[in-house]
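Heavy-atom basis, side chains included; hydrogens, waters and symmetry copies ignored.
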Amino acid sequence: MLQTGICARPAIAPWRTAFCKICPRAFYRFTMETIQSLLQARVQAAVPGDWVVQVQPAADRRFGDYQTNIAMLMARQQKANPRQVAQSILERIAVEDLCFPPEVAGAGFLNFKVRPEFLAARMLDLSKDPRCGIGAVARPKKMVVDFSSPNVAKPMHVGHIRSTILGDAIARVAEFLGHAVVRDNHIGDWGTQFGMLLLGWKRELDPEALQRDPLSEMERLYKLVSARCKEDPATLEAAREELVRLQGGDPENLGFWKEMIRLSQGQFDAVYGRLGVRFDVTLGESFYNARLKGVVQDLCDRGIARESEGAFCVFSDESVPPEEDPFLIRDREGWRPNPALVQKSDGAANYTTTDLATLEYRMEEWNPEEIVYVTDGRQQLHFRQLFAVFRRWKPGSTLRLAHVWFGTILGPDGKPFKTRSGETVRLSELLDEAEERAGRVLAEKNPDLPEAERLEIARLIGLGAVKYADLLPNRQSDYVFSWDKMLSFQGNTAPYLQNAYVRIRSIFRKAGCGVPQCAALDLGTEPERDLALKLLQFGEVLPQVLDDYRPNLLANYLFELANAFHTFYEACPVLKSEGALREGRLLLCDNAARVLQCGLGLLGIGVPERM
RNA sequence: GCGCUCGUAGCUCAGCUGGAUAGAGCAACGGAUUUCUAAUCCGUUGGUCGUGGGUUCGAAUCCCGCCGGGCGCACCA
C-alpha cells in the first residue's frame with residue numbers, strides 16, 4: 001500500500017525517461033539535460049545494466065556536488081568490498097568533461113565535483129532557455145486533477161484552501177511539464193442539505209439580505225432550519241418533502257436550486273479570480289444524477305454490489321489479505337464486513353455512487369491515464385473503497401487513480417483553525433486579512449510607494465504568503481497557521497523569495513540595461529558557483545514534484561535558491577564590477593530572477609517588481 | 001476495539017522510499033551597512049530522532065511491541 005493511496009502501478013518517474021525524444025520542436029532546441037541525469041547516465045555506462053544507478057545531490061558540501069552509493073549496493077549483493085567495487089567503477093567511468101576526477105570516499109561513495117567551466121557553459125544555455133532548463137516529458141499524459149470542490153450555498157472557508165492551492169500547484173506543474181491536464185471542480189450541488197435550504201428559502205428568505213450578501217443569507221437559512229429540524233420533527237419532515245420535490249423535478253424547487261447555484265458560482269468565481277486559480281470544467285454532483293441508477297444496476301448485474309438491510313452495498317471479494325481489504329474491519333470477534341454503500345435503503349444513491357459515475361463520465365469524455373483527487377486525509381477509507389470498487393467494475397482499465405490527501409490547518413491552540421468565536425474562517429476574509437497585513441508591513445517598510453502600487457504589491461505578497469505557507473509543509477502534516485510567520489520577511493516565507501526577485505529587478509533598473517550577451521562566464525567565487533549549480537538543479541527538482549504530488553519539494557528548492565542568491569548578492573557586487581565580470585554577474589542575476597519567477601509561478605505565486 | 005496517520009532542537013517544520021558527523025527557519029547570543037533595498041548576510045548555542053526490541057556493513061527512514069496525540073470506522077460528503 002503506497003502512502004499516497006495510489007491505485008495501480010505508479011508510472012515510471014517522468015524525469016527518468018525525459019530525454020526529450022518526443023518533445024515539441026519549439027522546446028527541443030532549448031531543453032537541457034540536468035547534470036544529475038548526465039552523471040547518472042555516465043555511471044550507468046560504467047556498471048552492468050541490471051543495476052539502476054541513482055546519482056543524488058551530495059548530502060554535505062565537503063563531499064562535492066553529487067554522489068552515488070551504487071558501489072555499496074553492488075558490493076552487498078556480490079559480497080565484495082564496497083570501496084573496491086567503487087574503485088573499479090571509477091576506472092571505467094568517463095566524466096572528465098563534467099567533473100574533476102571523482103573520488104571514492106567513506107564506505108564506498110563516489111563523489112563528483114562539477115567543473116566551473118561546465119557550470120558556466122550551462123549558465124549560458126540557461127540564459128537562452130525560456131523554460132528555465134525544464135524539458136517537457138517524453139510521454140505526455142492526459143490527467144484529470146479533481147480539486148477544491150466547495151459546496152453550493154455555503155461560503156468557502158479555510159477547509160477549502162489546501163485542496164485549492166495544492167491542486168492548482170500540481171496542475172500547474174503538470175501542465176508545465178507538458179501533460180494534458182483537465183482541471184475539474186466537482187462542486188457539492190446536490191444532497192440532503194437542499195431540503196433544508198429550500199424550506200428556509202420559502203419560509204424565511206430575506207430578499208434584501210440575499211441581494212447584499214447571498215452566501216451569508218443562504219448560510220443563515222441553512223443554520224436556522226437545521227437547528228429547527230433537530231428539535232421539531234415537523235420541520236424535519238417538511239425539509240424532507242422539499243428534497244423529495246427537488247429530486248422529483250418540481251419546477252419551483254428546481255428554480256430556487258438553480259438560483260442558489262448561480263449565486264454560489266459568483267462567489268466561487270470571485271475567490272478563484274483572486275487566487276488566480278482556473279478550472280476547465282465545473283461539474284457538480286447533480287450532473288451525474290442521471291447515471292446513478294445505471295451504475296447501481298450495473299454493479300448488481302455484475303455481482304459486485306448486493307442488497308443488504310435494504311441498501312445496496314459492495315462487500316469484500318476476498319481477493320486481498322484481510323489486512324489490506326478496505327471492505328473488512330476487525331473487532332473482538334474477528335473480521336467483519338465494512339461495505340461501501342452504493343444505494344441507501346431509501347433508494348437514494350450516495351457519494352461512492354456519484355464518484356463512480358463521475359469516473360465513468362471522465363473515462364468516456366477524456367479517456368485520461370490518470371485522475372488525481374486532492375482532498376483531506378479523512379477521506380482515505382472512502383477513496384480506498386472507491387478505487388477498489390472501480391477495479392472490480394472496470395477490470396480492464398489501466399487508469400491510474402491517486403488520492404492526494406493533506407492534513408488539517410491548525411490554530412495557535414493546536415486545534416483546527418477557527419475564528420476567536422469558534423466560527424469557521426471564511427476564505428474571502430482570510431484573503432482580505434492577508435492583503436491588509438501585507439499592506440501594513442509594506443507601508444512601514446517602504447512608505448514612499450504610491451497607494452495604488454502598494455495595494456497591488458500587498459495583494460501579491462499577501463496571497464503569496466498564504467499560498468506558500470500552505471505549500472511549504474509536507475502536505476500530509478497538519479500545520480499551524482500563523483500570520484506572523486507567513487508574512488515575515490525573514491526565514492522561509494513567500495516575501496523572502498519575492499524579495500530576492502525584487503532585488504534583482506532593482507539591479508537591472510539601476511543598470512539601465514537588459515541581459516548582456518555573454519560569450520563566456522567565469523564563476524570565480526564560491527557564491528557564484530553555488531548559485532549557478534543551484535539554478536541548474538531546478539530541472540532536477542521540478543519533475544520530482546509530480547512523483548508523489550509534493551509541491552513542498554519545489555518550495556524548499558526555491559528557498560534554497562533565494563538563499564544562494566542572497567549570499568551571492570552580499571559577496572559579489574554586480575554594478576560595481578566591470579567588464580566581463582559585471583556582464584557575467586548580470587547574467588547570473590537574470591537567470592536567478594527567471595527561475596524564481598517561473599518556480600513561484602508554478603506554485604501560483606506572483607512576483608512584484610519592487611516591494 | 002480496529003484502521004489510517006503523526007511523534008525529530010525551546011517553537012514551527014524538512015529529511016528526496018536504507019547511507020557519511022540528523023538539517024532549516026524562528027527564538028537567544030555575537031558580528032557585518034559612507035551599499036546593487038539590512039525586507040539581507042556571516043557566525044555561536046541548541047537534538048539518546050516518543051520508547052523497547054529486531055533486520056545489516058549502516059536505521060529518523062524498514063519490521064514487531066509499547067506510550068502519547070490527531071482523524072476515521074455502512075445509510076453525510
TODO: Classify the nucleic acid contact of A:L442 as base, sugar-phosphate or nothing, counting any heavy atom under 4.0 Å across all strands shown.
DONE: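 The residue A:L442 makes base contact.
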Task: Whichever of A:T192 and A:N446 has its nearest RNA chain B nucleotide further upstream toward 5' - done: A:N446
Task: N/O donor-acceptor pair, side chain A:D376 with base B:A77, under 3.5 angstrom - done: no
Task: Short side-chain N/O contact to B:A14 OP1/OP2 from A:S477, under 4.0 Å - done: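 Answer is yes, contact under 4.0 Å.
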Task: Test item: A:S488 side-chain N/O and A:D484 main-chain N/O as donor-acceptor pair under 3.5 Å - done: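 Between the backbone of A:D484 and the side chain of A:S488 there is no qualifying donor-acceptor contact (under 3.5 Å).
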TODO: Could you check whether A:L553 gets within reach of a base, just the sugar-phosphate, or nothing at all, counting any heavy atom under 4.0 Å?
DONE: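 Answer is nothing: A:L553 stays at 4.0 Å or more from every strand.
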TODO: Identify whether any heavy atom of A:P473 sits under 4.0 Å from a base atom; if not, whether one sits that close to sugar-phosphate; answer base, sugar-phosphate or nothing.
DONE: sugar-phosphate
- [ ] Give a yes or no on whether the backbone of A:Y479 and the side-chain of A:S477 come within a donor-acceptor separation of less than 3.5 Å.
- [x]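 Side chain of A:S477 to backbone of A:Y479: no pair is present.
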- [ ] Select one nucleotide: of B:C71, B:C13, B:A24, the one nearest the side-chain heavy atoms of A:F559.
- [x] B:A24
Task: Inter-nucleotide C1' distance (B:G30, B:C67), Å rounded - done: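 My reading of the C1' atoms in B:G30 and B:C67 gives 41 Å.
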Task: side-chain N/O A:Q56 vs B:U17 OP1/OP2, d < 4.0 Å - done: yes
- [ ] Using Watson-Crick or G-U wobble geometry with both distances below 3.5 Å, tell me the partner of B:G65, or none.
- [x]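 Partner of B:G65: B:U51.
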- [ ] State which of B:C13, B:C36, B:C41 makes the closest approach to the side chain of A:H566.
- [x]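 Looking only at heavy atoms from C-beta outward on A:H566, the closest nucleotide is B:C41.
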- [ ] Sticking with atom C1', work out how far B:U17 lies from B:U61, rounded to a whole angstrom.
- [x]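 The answer is 8 Å between these two C1' atoms.
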TODO: Using atom NE2 of A:H403 as one end and atom C1' of B:A77 as the other, report the distance to the nearest whole Å.
DONE: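 It is 12 Å, rounded to the nearest whole Å.
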- [ ] Please say whether the positively charged group of A:R392, taken as NZ for Lys or CZ for Arg, lies over the ring of A:F327, i.e. under 6.0 angstrom from the six-membered ring centre and within 45 degrees of the axis.
- [x] yes
TODO: Answer with base, sugar-phosphate or nothing: what part of the nucleic acid does A:E285 contact at a heavy-atom distance below 4.0 Å?
DONE: sugar-phosphate
Open item on the list: Just to be sure I understand the rule, does A:V480 reach a base, reach only the sugar-phosphate, or reach nothing, if contact means heavy atoms closer than 4.0 Å?
Closed with: sugar-phosphate
- [ ] Kindly confirm whether the side-chain ring of A:F109 is stacked on the base of B:A20, judged by centres under 5.5 Å and planes under 30°.
- [x]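 Yes, A:F109 stacks on the base of B:A20.
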Open item on the list: Taking the P atom in each of B:G50 and B:U45, what is the distance between them to the nearest angstrom?
Closed with: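 These two P atoms come out 24 Å apart once rounded.
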Open item on the list: Can you check the distance between B:G65 and B:A22, where both ends of the measurement are the C1' atom (answer in whole Å)?
Closed with: 26 Å
Open item on the list: Would you measure the distance from the P atom in B:C13 across to the matching atom in B:G70 and give it in whole Å?
Closed with: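 My reading of the P atoms in B:C13 and B:G70 gives 15 Å.
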TODO: Working to the nearest 0.5 Å, report the span between CD of A:E540 and OH of A:Y557.
DONE: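 Between atom CD of A:E540 and atom OH of A:Y557 there are 8.5 Å.
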- [ ] Assign B:U48 to syn or anti; the rule is syn for a glycosidic angle within 90° of 0 and anti otherwise.
- [x] anti
Task: Side-chain donor/acceptor of A:Q67 to base of B:A20, under 3.5 Å - done: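 Flag set: donor-acceptor pair detected.
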Task: B:U17: pairing nucleotide in any strand, Watson-Crick or G-U under 3.5 angstrom - done: none
Open item on the list: Is the ring pair A:Y569/A:H566 parallel, tilted or perpendicular, if the boundaries are 30 and 60 degrees?
Closed with: perpendicular
- [ ] Please check the phosphate of B:C76 (OP1 and OP2 only) for any side-chain N or O of A:N151 closer than 4.0 Å.
- [x] no
Open item on the list: What contact category does A:F63 fall into here, base, sugar-phosphate, or nothing, at under 4.0 angstrom with non-hydrogen atoms?
Closed with: base
TODO: Measure distances between side-chain N and O atoms of A:R76 and base N and O atoms of B:G58, and say whether any donor-acceptor pair falls under 3.5 Å.
DONE: yes
TODO: Ignoring the backbone of A:V502, work out which of B:U37, B:C36, B:G15 is nearest its side chain.
DONE: B:U37
Task: Under 3.5 Å donor-acceptor, A:R505 side chain and A:A593 backbone - done: no
Open item on the list: If you only use heavy atoms from C-beta on, which nucleotide in B:A39, B:A20, B:U5 is closest to the side chain of A:M611?
Closed with: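 Of B:A39, B:A20, B:U5, B:A39 is nearest to the side chain of A:M611.
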Open item on the list: With a cut-off of less than 4.0 Å, is there a side-chain N or O of A:S308 near OP1 or OP2 of B:A74?
Closed with: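 No, outside the criterion.
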Task: Length of the line joining A:L410:CG and B:C6:P, which is rounded to integer Å - done: 15 Å
Open item on the list: Regarding A:S345, tell me which of base, sugar-phosphate or nothing describes its non-hydrogen contacts under 4.0 Å with the strands shown.
Closed with: base
TODO: Tell me the partner of B:G30, counting only Watson-Crick (N1-N3 plus N6-O4 or O6-N4) or G-U wobble (N1-O2 and O6-N3) with both under 3.5 Å; none if nothing fits.
DONE: B:C42
- [ ] Check whether any side-chain nitrogen or oxygen of A:Y569 sits under 4.0 Å from OP1 or OP2 of B:A39, and answer yes or no.
- [x] no
Open item on the list: Base, sugar-phosphate or nothing for A:D189? Non-hydrogen atoms, less than 4.0 Å.
Closed with: nothing
Task: Protein-nucleotide distance (A:Y557, atom OH; B:G15, atom P), rounded to Å - done: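 Distance check: A:Y557 OH to B:G15 P gives 18 Å.
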Open item on the list: Between B:C11 and B:G53, how many Å separate the two P atoms, rounded to a whole number?
Closed with: 26 Å
Open item on the list: By the 4.0 Å heavy-atom rule, please label A:A105 as base, sugar-phosphate, or nothing.
Closed with: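 Contact class for A:A105: base.
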TODO: May I ask you to say what A:E560 touches in the nucleic acid, namely base, sugar-phosphate or nothing, with a heavy-atom cut-off under 4.0 Å?
DONE: nothing
Task: Side chain of A:N350 (C-beta onward), nearest among B:A77, B:C42, B:A39 - done: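 Closest of the options to the side chain of A:N350: B:A77.
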Task: Length of the line joining A:M486:CE and B:U12:C1', which is rounded to integer Å - done: 12 Å
Task: Distance below 4.0 Å between A:N338 side-chain N/O and B:G3 OP1 or OP2 - done: no
Open item on the list: In whole Å, measure the gap between the P atoms of B:G10 and B:G47 for me.
Closed with: 7 Å
TODO: Measure the CG-CD distance between A:L292 and A:E285 for me, rounded to the nearest 0.5 Å.
DONE: 9.5 Å
TODO: Assess whether one donor atom and one acceptor atom, taken from the side chain of A:N69 and the base of B:G19, lie less than 3.5 Å apart.
DONE: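 Yes, a donor-acceptor pair under 3.5 Å.
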- [ ] Return the value, rounded to whole Å, for the distance between atom CG of A:D65 and atom C1' of B:A20.
- [x]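 Whole-Å distance recorded here is 16 Å.
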TODO: State whether A:F312 and A:R306 meet the cation-pi test: NZ (Lys) or CZ (Arg) under 6.0 Å from the six-membered ring centroid, and within 45° of the perpendicular axis.
DONE: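 Here A:R306 fails the 6.0 Å and 45° test against A:F312.
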Open item on the list: For a quick check of understanding: with a heavy-atom distance under 4.0 Å over all strands, which category does A:V441 fall into, base, sugar-phosphate or nothing?
Closed with: nothing
Open item on the list: Is there a side-chain contact between A:K510 and the phosphate of B:U37, meaning an N or O under 4.0 Å from OP1 or OP2?
Closed with: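 For B:U37, OP1/OP2 do have a side-chain N/O of A:K510 under 4.0 Å.
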TODO: Using a 4.0 Å heavy-atom cut-off across all strands, classify A:R509 as base, sugar-phosphate, or nothing.
DONE: nothing
Task: Nucleotide B:A20, atom P - distance to CD of A:E103 in whole Å - done: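 Going from A:E103 (CD) to B:A20 (P), I get 18 Å.
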Open item on the list: Does A:R62 reach a base, just sugar-phosphate, or nothing at all? Heavy atoms under 4.0 Å.
Closed with: base
Open item on the list: If I take atom CD in residue A:Q544 and atom C1' in nucleotide B:C16, what distance separates them, rounded to the nearest angstrom?
Closed with: 6 Å
TODO: May I have the distance from A:I504 (atom CD1) to B:U37 (atom P), rounded to whole angstrom?
DONE: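 So the CD1-P distance, A:I504 to B:U37, works out to 12 Å.
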Task: Sidechain-backbone polar pair: A:S264 side chain, A:A153 backbone, donor-acceptor under 3.5 Å - done: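 Checking the backbone N and O of A:A153 against the side chain of A:S264, a donor-acceptor pair under 3.5 Å is found.
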- [ ] For nucleotides B:A59 and B:U55, find the distance between their C1' atoms and express it as a whole number of Å.
- [x] 10 Å
